[in-house]
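Presented below is the structure to which this report refers.
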Amino acid sequence: MTKPMKQSYSFDFKLALVERFTAGETAQDLASEAGLSSPKLLETWARAHRREGPDAGKTVKVQALIALKADFPLPVLLQITGLAKSTFFYHQARLHAPDPRRNSRPKS
């Protein structure tokens with residue numbers, strides 16, 4: 001028996017489903033229509049979208065590029081991932097910036 005391959009989805013595909021989910025369609029219906037393994041996957045994408053904004057998926061790419069840019073030329077990495085140079089530097093700055101809500105959070 002072979003292990004099933006992990007499916008990957010494009011940023012635009014995820015964003016379109018999250019927008020429909022946020023507009024009121026059920027996760028179950030959207031997951032069935034899109035062929036997702038579980039509606040929980042869509043709910044996870046929606047949570048990330050709410051927490052990080054519409055560029056949630058790009059943050060992961062930027063983190064990977066930061067790790068790889070010491071070993072590979074940045075222009076090549078940007079071409080492979082499809083990110084614009086300005087987008088990369090914008091998200092890199094956001095990742096290293098202090099959290100503006102840090103002082104407003106309740107202390108446990």
Side-chain angles (χ1 to χ4, degrees):
M1 179 180 258
T2 61
K3 185 176 178 182
M5 296 294 291
K6 186 175 180 179
Q7 179 69 38
S8 68
Y9 303 98
S10 73
F11 176 76
D12 294 328
F13 177 81
K14 292 177 185 179
L15 184 59
L17 285 177
V18 166
E19 287 173 346
R20 289 175 60 190
F21 176 65
T22 320
E25 294 186 53
T26 67
Q28 182 66 44
D29 290 343
L30 289 169
S32 295
E33 177 186 322
L36 301 180
S37 59
S38 167
K40 292 289 183 191
L41 186 58
L42 177 56
E43 292 168 3
T44 301
W45 296 342
R47 245 188 332 276
H49 184 267
R50 275 192 304 274
R51 186 176 56 247
E52 299 176 28
D55 294 330
K58 291 182 181 173
T59 304
V60 174
K61 284 184 182 180
V62 170
Q63 290 171 332
L65 289 181
I66 290 170
L68 292 171
K69 73 178 187 173
D71 299 323
F72 301 98
L74 184 59
V76 173
L77 295 172
L78 292 172
Q79 183 179 12
I80 291 169
T81 59
L83 283 177
K85 187 176 181 181
S86 59
T87 303
F88 168 74
F89 285 111
Y90 168 78
H91 286 286
Q92 182 180 23
R94 275 187 57 210
L95 287 172
H96 298 304
D99 185 357
R101 298 171 294 175
R102 184 172 185 218
N103 294 332
S104 65
R105 292 184 180 162
K107 296 186 180 193
S108 321

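Predicted, not measured: the structure shown is a model, and the values here were computed from it. Count residues from 1 along the sequence. As a basis for the values below, the full set of heavy atoms in this structure was taken, side chains included, without hydrogen atoms, waters or symmetry mates.
The backbone N or O of L83 lies less than 3.5 Å from no partner atom in the side chain of T87, so there is not a single donor-acceptor pair. Counting only distance, with no hydrogens or angles, the side chain of K61 and the backbone of T81 share a donor-acceptor pair below 3.5 Å.
Side-chain heavy atoms closer than 4.5 Å link hydrophobic residues (I, L, V, M, F, W, Y) into clusters, and following such links, possibly through other members, connects F72 to V62. Linking ILVMFWY residues whenever their side-chain heavy atoms come closer than 4.5 Å, directly or via other members, leaves V76 and F89 in distinct clusters. Put simply, F13 and L30 are part of the same group of oily side chains (I, L, V, M, F, W, Y) that touch within less than 4.5 Å, one to the next.
Taken to the nearest 0.5 Å, the CD atom of E25 stands 9.0 Å off from the CG atom of L17. The OG1 atom of T26 lies 10.0 Å from the CD atom of E33; values are rounded to the nearest 0.5 Å. Here CD1 of I66 is found 11.5 Å from CG of L77. Values are rounded to the nearest 0.5 Å. Going from atom CG of L42 over to atom NE2 of H49 covers 11.5 Å, rounded to the nearest 0.5 Å.
Put simply, the side chain of Q63 does not reach to within 4.5 Å of the side chain of Q92, judged on heavy atoms.
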(request) Run the numbers on E19 and K14 for salt bridge (charged side-chain N to carboxylate O under 4.0 Å, His left out), then give the verdict. (result) CA-CA 9 Å; E19 287 173 346; K14 292 177 185 179; over 6 Å; no
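For Y9 and W45, the gap between ring centers is short of 6.0 Å.
Between the side chains of S32 and D29, no donor-acceptor pair of N or O atoms lies under 3.5 Å.
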